[in-house]
Structure formats: structure tokens, C-alpha cells
Amino acid sequence: MRRIRANAILILTVAWILGTFYYLWQDSKPSSSSSSSSSSSSSGSQLKNHGQKGRLEERTLPLIVTHAPKLEQQSQLLGQFDEKAFLSSKQLKTGEDPYREHAFNLQESDRLGSERAIRDTRHYRCASVTFDPDLPPTSIIITFHNEARSTLLRTIKSVLMRSPPHLIQEIILVDDFSSNPEDCRLLSQIPKVRCLRNERREGLIRSRVRGASAASASILTFLDSHCEVNTDWLQPMIQRVKEDHTRVVSPIIDVISLDNFAYLAASADLRGGFDWSLHFKWEQIPIEQKMARNDPTQPIRTPVIAGGIFVMDKGWFNHLGQYDTHMDIWGGENFELSFRVWMCGGSLEILPCSRVGHVFRKRHPYDFPEGNALTYIKNTRRAAEVWMDEYKQYYYAARPSAQGKAFGRIPEQEVAYSLLKQGGLCLESHGTDSLGLAECKTTPNIPASQKWTLIEPQIRQQDLCLAITAFTAGSKVRLEPCNIKESRQKWKPRGPALQHMISGLCLDSQPPSGPPLVAQCRPQVASQSWEPQLVT
Ligand code: UD2
Ligand code: MN
């Protein structure tokens, strides 16, 4: 009996070891001859690095390999296009740094060829999800600036190979004034591929708008120029947008190693996020939501998208005003679009049953005519100024260097103002040091001195904030320049009262003739009741 048990354990152990080896072998294909990371890291690295470490899936997934199509299928896919000539025209010279031109290992990408089998990284339950038989087709839009030929062609071929043909209306390439115009011309020979070439460098934002305007399908799909789409990547996204045209959906973005081009599964527990400096980062789904998720095929709602890979209705894209075309080169447009979508009543989601691989890089391989940092500030400052209302102060606090930097013109903003009423009287400022109560005025005669903006934790009048002068009962209040870190300026509503957060004291108009001060909070007392009334 004991012997049988020992044998069973031995067999299981051997099977487990073999399984692990097979998995690791699959995952590390293709093996890398030189896996040293990019040597040069430019000034833009901290803006660009989305922190891919820790984003990879830890769970061992069932191994399903996506097969490459047979040879006769391939020739049909590419038509007159001469793949061999296209790929062999430019080769890396011996001794040349393979990372220099593209910030990924070009040698490995070239070695891989234009197609390969990759692991189906979805949860196994995704394979049994079904879609409407009448999904509408999409226009795929890929903008590129000096992309490596092998990665660009692999992106295009993976789309043609791994999408139901009737769903691909066309692939629109927008060549953003790459040095060699031939890439654009040659790739147009592939059936369904059109290439538009910019006459000057526009950046990815204006290039995508150009591509979207040229699209003939009612659904737009955006991809970066160094992706590989995975099995059944497209159907889940089109299905969600077909059901509700205000959804903007993206796949889980798997990681293609910039060193050896291994295709690695990303974690399915992440969503998009950002810090106040408008720096994109992946964040864990909140634990309550994670616990409530009993179906791993369900969408994950996300505050923002990473930006490069998403599907959206063309009418909705136009309705929202497309992108902000005054943004240059790279960066910030993902926040701007995400804010538009949420604020205009749409939604953003990540679909775990859709997987697309992307080569995440540590630096920009291309130049920024106005400099990397200034361009990022310009773009994010536009997003903050246009969409973040009073919250933009957090952006400036986190990125003080953005203050005073050029960001072009933006449409006038409308801010919501309130009166702070106590019976028929209103809180009013007379200069910064003196506050008082005065008869409430009505539209259109409301003076700026009675208009307040209540954005927790601040009570503002333009750039001035209501502050206590000391942390003791009986202290006066006054206006002073807003500073988000200043604890004397932090308030929160407490019923009808306005309570200073640290001292716990409440804004009080007693005595009515004197200036308002802070006093011990007393519920239901008229002198501590401030009724906000919105004015336009
Ligand atoms: C991420 C997004 C990217 C974009 C960017 C913020 C993903 C996978 N990628 O950066 O799509 O949203 O954040 O702006 O979410 N390009 C041009 N013209 C230029 C510069 C770039 O056409 O002047 C192309 C470039 O060839 C590439 C795409 O724009 O296809 C995105 O550029 P990237 O790959 O350098 O950006 P990435 O992935 O770091
Ligand atoms: Mn990219």
C-alpha cells in the first residue's frame, strides 16, 4: 500500500516537473541571443514607462496555441505584396546596437519573421462565449512614425490572420511623415490596406483623427504599430459597442518583450489609472469588485484607457469632438478622451476575453520637435484645463513645472458657482481680510464677491480659498491664495454646516454684525447653517 502511494507521488512529481519545463519553454520562445536591455534611456523614460513589471499574469494558464494559417491562405492575405523584398531591404549591420533605432531589439523582431504562433492567453471560459452573427465590420486605424518594418507587418498580418475577414472593412495606415515613404507605398499593396501619408510630422493624435475621418466603417479600431492581436480579439469588442454605442472598449494588453519578443500574458486584475500629475499607471481592481466578480469573462470598467488599443463607434467619436487636435506628437490624449467619454455619459471598459500584445518600450525612439517634457506638459495641461475644473489645482500641485508653460488656446470653461445662504443673507467677501453677510443678490446681478465654488475640501472664490486664521474656537476666517496642502483651507460639509476638517470647528456667523468665525459645532443652529444655492 505504502509502495503504491510512493509510486503515485513519484509519477505526479515527474509529470509536474515536465509540465513546468514545457510551459517555460513555450513562454520563452523565441529564445534571445542578446537579451541585454536597451542601453540608452532618454529623458522621457519616466513619462513613458507604464511600469510593466508586476503586470504579468502569475497564474499558469491552459496552453492553447494559436496556429498560423497554411501557406495558400497567407498568399491570399497579402495579394501582390512582396513580403520577402519588403523585409530584407534593410538589415542590421554587424556590431550595430539592435535597440538604437526603435528602443526594442530589432534583431529579434526581424529574426521572428512576419507571423508566428502565440499562446492564447485568455481565460479558458472565453472560448465558449458567443457573439451575434451580424456584428458590423470595423476600420482598423494604425498610425506610425518610423516603425520597424517587421513589427509593422506583423501587426497587419496578425489582424488579417486572427480576425473574421468579414469584420475587417479596411486597415487604414497613417504614415506620420516617416523618413522612408516607401513603407507606406509598399504596404498599400496588401488587400484591404490603405495608407495615408502626412506631408509633415503631426503626431499620433492628429494622425489618428485623419485616419478616423477617412474610415468607411461605422466602428473604429485603433492599434499601435507594434502589436500582435490574439485569438478572437475583435468579436468581444465589436459586440460590446454594437450593444451600446457609448461604450469605449479595450482589450487586455499583453506584453511583447522588448528584448526577446516573447509574448507574455498580462494580469486580468488590472484597470487603467493615473496620478494627479496625469501619469498613466495600471492599478489593481478594488478588492470589493474583485470579490464580486464571479464571471472572469465579464468586462472591467476602467477610469481611463492606456490609449493605444481600443474600439469605439465612429458616430460617438465624432459626437464627442474626436481628439483635441491641438495636442502634439504623443501623450495625454488617452486621459482627454477618457474624461470626455465619462463626462458625456459613456463608459470605458477592458474586456478580458480580448487580448492584444504590444511592445512596451522604456524610451521614445523618435524625436519631439518641441522637446519631450514640454510636449507632455502642453498636452496634459490642455486635458486638465479643459476637463478638470477645480481639480486642475491638484494637477498643478503635482506638476508645479506646468504652471506658466504654453498650452495654446482652449474653449472657455463654465464653472459651477454657489451662493452660501443663511436665510435671506449670503456669505460675501470684502477684499481678502474681511468677510460678512449681506443681502443675497439674484441673477444676473450676483457679484463675484457672493459666488463660491465648493470643491471639497476647499471653499473658493477664483484662486482664493476660505481659511481659518487659528485652530481655536473664536478665530476669524479670511480668504488667502489657494494651496491644496494648506490644512487651514480644508473644509467638509456636516449636515447644513461647514466644518473645518482639522480643528473640527464650524463656520459661524455670530455675532451677525461682526465677521464670521469658527465656533464649536452645534447642530441645528441657524448661524451655522449654510445653504448652497447653484447660480449660473
Ligand atoms: C501609449 C499608447 C499610445 C498612446 C500613448 C499616449 C498603448 C499600447 N500605447 O504609448 O497609443 O496612446 O500612450 O499618447 O496604449 N506615433 C505617430 N507619430 C508620432 C509618435 C508616435 O504616429 O509622432 C505612433 C507610433 O508609431 C505608435 C503610436 O503612435 O504606433 C503610439 O506611440 P508609442 O508606441 O511610442 O506610444 P506608447 O505605446 O508608449
Ligand atoms: Mn506603442
Side-chain angles (χ1 to χ4, degrees), residues 38 42 44-52 55 101-104 109 140-149 151-156 171-179 183-184 195-198 200-212 221-229 248-256 258 266 270-272 274 278-282 302 304-311 323-324 327-338 348 350 355-372 375-376 378-380 382-383:
S38 172
S42 82
S45 61
Q46 93 278 21
L47 298 179
K48 183 147 173 72
N49 195 352
H50 290 171
Q52 297 314 310
R55 209 168 76 74
E101 215 177 324
H102 301 285
F104 55 64
S109 176
I140 311 267
I141 296 156
I142 304 171
T143 75
F144 66 96
H145 176 72
N146 289 341
E147 183 60 67
R149 283 187 166 188
T151 38
L152 181 53
L153 184 61
R154 218 166 21 248
T155 308
I156 298 168
I171 299 178
I172 300 180
L173 304 177
V174 183
D175 171 2
D176 190 14
F177 201 56
S178 303
S179 314
D183 295 4
C184 192
C195 187
L196 313 170
R197 181 172 155 86
N198 292 341
R200 56 166 196 210
R201 178 86 176 279
E202 299 286 0
L204 75 92
I205 296 117
R206 286 192 289 279
S207 301
R208 280 189 197 156
V209 168
R210 183 176 180 202
T221 301
F222 295 93
L223 284 177
D224 270 12
S225 47
H226 32 254
C227 292
E228 279 171 84
V229 304
V248 174
V249 300
S250 51
I252 290 184
I253 307 180
D254 285 334
V255 175
I256 301 173
L258 66 93
L270 300 172
R271 62 181 193 182
F274 56 93
L278 291 184
H279 176 79
F280 179 87
K281 54 185 182 190
W282 300 102
T302 183
V304 292
I305 49 170
I309 308 175
F310 62 98
V311 175
Y323 277 120
D324 175 354
M327 288 188 178
D328 299 326
I329 307 297
W330 179 98
E333 92 295 339
N334 52 330
F335 301 118
E336 208 263 344
L337 182 72
S338 301
L348 294 170
I350 294 172
R355 295 270 184 164
V356 174
H358 170 261
V359 187
F360 288 91
R361 294 178 287 197
K362 294 184 181 145
R363 64 174 173 94
H364 299 283
Y366 39 76
D367 68 307
F368 285 66
E370 287 171 43
N372 171 342
T375 305
Y376 200 72
K378 174 182 176 183
N379 293 355
T380 51
R382 291 184 68 81

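No experiment lies behind these values; they were computed from the predicted model shown. Counting convention: from 1, in listed order, for ligands and their atoms alike.
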[X]: numbered ligand 1 atoms lying under 4.0 Å from its heavy atoms:
X: Ile329; value: 19 (C), 20 (C), 23 (O)
X: Arg208; value: 3 (C), 4 (C), 11 (O), 12 (O)
X: Asp176; value: 17 (C), 18 (N), 19 (C), 22 (O), 23 (O)
X: Gly331; value: 6 (C), 14 (O)
X: His358; value: 8 (C), 38 (O)

Of the choices [options], which has the non-hydrogen atom that lies closest to [atom]?
atom: atom 30 (O) of ligand 1; options: Ala103, Gly332, Ser178, Ser225; value: Ser225
atom: atom 7 (C) of ligand 1; options: Gly203, Gly308, Ser207, Ser250; value: Gly308
atom: atom 22 (O) of ligand 1; options: Thr151, Thr143, Asn334, Leu337; value: Thr143
atom: atom 20 (C) of ligand 1; options: Trp330, Phe368, Tyr366; value: Tyr366

Arg208 and Glu333 ion-paired at < 4.0 Å: yes

Salt-bridge criterion met for Asp224 and Arg154 (N-O under 4.0 Å): no

Polar contact flag for Arg361 and ligand 1 (N/O pairs, less than 3.5 Å): yes

Polar atom proximity, Glu147 to ligand 1 (N or O, under 3.5 Å): no

Heteroatom test (N, O or S) for His358 near the Mn ion (ligand 2), limit 2.8 Å: yes

Identity of the N, O or S atom of Asp224 lying closest to the Mn ion (ligand 2): OD2

Criterion side chain to side chain contact (heavy atoms under 4.5 Å, CB included) on Ile140 and Leu223, from CA distance to verdict: CA-CA 7 Å; Ile140 311 267; Leu223 284 177; 3.9 Å; yes

Sub-4.0 Å heavy-atom contact, Glu202 with ligand 1: no

Interatomic spacing from CG in Leu278 to CZ in Arg382 - rounded to 0.5 Å: 14.0 Å

Worked verdict on Glu202 versus Arg210 for side chain to side chain contact (heavy atoms under 4.5 Å, CB included): CA-CA 10 Å; Glu202 299 286 0; Arg210 183 176 180 202; over 6 Å; no

Residue pair Ile142, Glu147: steps toward the side chain to side chain contact (heavy atoms under 4.5 Å, CB included) verdict: CA-CA 11 Å; Ile142 304 171; Glu147 183 60 67; over 6 Å; no

Matching residue for Asp176 among Arg200, Arg201, Arg206, Arg197 - test: salt bridge (Lys or Arg N to Asp or Glu O under 4.0 Å): Arg201

For the student: nearest non-hydrogen atoms of Ala383 and Gly332, plus distance: CB-O, 4.5 Å

Minimal non-hydrogen separation, Tyr376 against His279, with atom names: OH-CA, 4.1 Å

